[in-house]
Amino acid sequence: TYDLVEDEHDASESIEMHVYSLTPDGELRWQVENFVDDLGHGSFAPEEPAITDDGIIIVPGRNRLYALDPYDGEVIWQKDFVTPEGHRAGWVSSPAIDENGYVYVNVDDSAGIYHGVHAIDPEDGSTIWYSTAFEPDEIGPGSPSFDGEGHLYVGRGEGSPGSGGHYVYAIDTTDGS
């Protein structure tokens, strides 16, 4: 279980990949069962959710990103990383949220269609940009994160630790370069 506390809301994602909201006293407020896609896969990913300044809970999933209402757990929007031809991306990382509320996720997609870091509008889930500065195998499944000055970083790794194939990239949040 991942615990995430922001003001009066606590959103947790369990090992069963359900999302729960708890009161400050630990009482269950609401629960969202794991969505199952048309291939029978559970949709929530084993990654941490994040909470926007407006309280919206951003939950990563298998080829999807969800925004949940903090008061009742209803899905506000769902971002699918699926092409018109039906190719599905892999896992979506834990989100990072900048000072303007924009959501950034790293999508693991070995086919290279959606692979890379995506900037998402928190209001409707639309894509603002996604990184085109990296080859499909140059960004690993690591979650993006910010330093204290608003710079976005994402790690890449190939092989085992110490093998020399691990890097950290700084990404411009205005255009993904």
Ignoring hydrogens and angles, tell me if any N or O in the side chain of [X] forms a donor-acceptor pair with the backbone of [Y] under 3.5 Å.
X: Asp147; Y: His151; result: yes
X: Trp30; Y: Glu74; result: no
X: Thr52; Y: Asp54; result: yes
X: Trp129; Y: Thr173; result: yes
X: Ser93; Y: Ser143; result: no

So, for [X] and [Y], which heavy atoms are closest and what is the spacing to 0.1 Å?
X: Tyr130; Y: His118; answer: CB-ND1, 3.3 Å
X: Lys79; Y: Thr127; answer: NZ-OG1, 2.6 Å
X: Glu48; Y: Ser94; answer: N-OG, 2.8 Å
X: Val19; Y: Leu68; answer: CG1-CD1, 4.0 Å
X: Val92; Y: Arg64; answer: CG2-O, 3.5 Å
X: Pro70; Y: Ile57; answer: CA-CD1, 4.0 Å

*asked:* So for atom OH, which belongs to Tyr102, do other residues, nucleotides or ligands contribute more than 12 heavy atoms lying within a distance under 6.0 Å?
replied: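 Atom OH in Tyr102 is not crowded, with 12 or fewer foreign heavy atoms closer than 6.0 Å.
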*asked:* Can you tell me how far apart CD1 (Ile56) and CG (Asp69) are? Round to the nearest 0.5 Å.
replied: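 Result: 5.5 Å between the selected atoms.
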*Going from OG on Ser145 to CD1 on Ile97, what distance comes out if it is rounded to the nearest 0.5 angstrom?*
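Reported to 0.5 Å precision, the distance equals 13.0 Å.
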*Quick one: list whatever passes side-chain contact (heavy atoms from CB on, under 4.5 Å) with Gln31, sequence neighbours left out.*
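Partners of Gln31 under the side-chain contact (heavy atoms from CB on, under 4.5 Å) test: His18, Tyr20, Leu28, Glu33.
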Can you name the residues that form a side-chain hydrogen bond (donor to acceptor under 3.5 Å, both in side chains) with [X], not counting sequence neighbours?
X: Ser126; result: Asp124
X: Asp98; result: Tyr104
X: Asp172; result: Thr174

*Residues in ring-ring contact (aromatic ring centres under 6.0 Å, His included) with Tyr153, at least two apart?*
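Listed in chain order: nothing, the list is empty.
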*Would you say Ile58 and Ile51 make side-chain contact, with heavy atoms under 4.5 Å?*
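No; the side chains remain at least 4.5 Å from each other.
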*Would you say Val105 and Pro60 make side-chain contact, with heavy atoms under 4.5 Å?*
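No, their side chains stay 4.5 Å or more apart.
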*Given Val59 and Leu65, is the side-chain contact (heavy atoms from CB on, under 4.5 Å) satisfied, shown in steps?*
CA-CA 6 Å; Val59 182; Leu65 189 66; over 6 Å; no
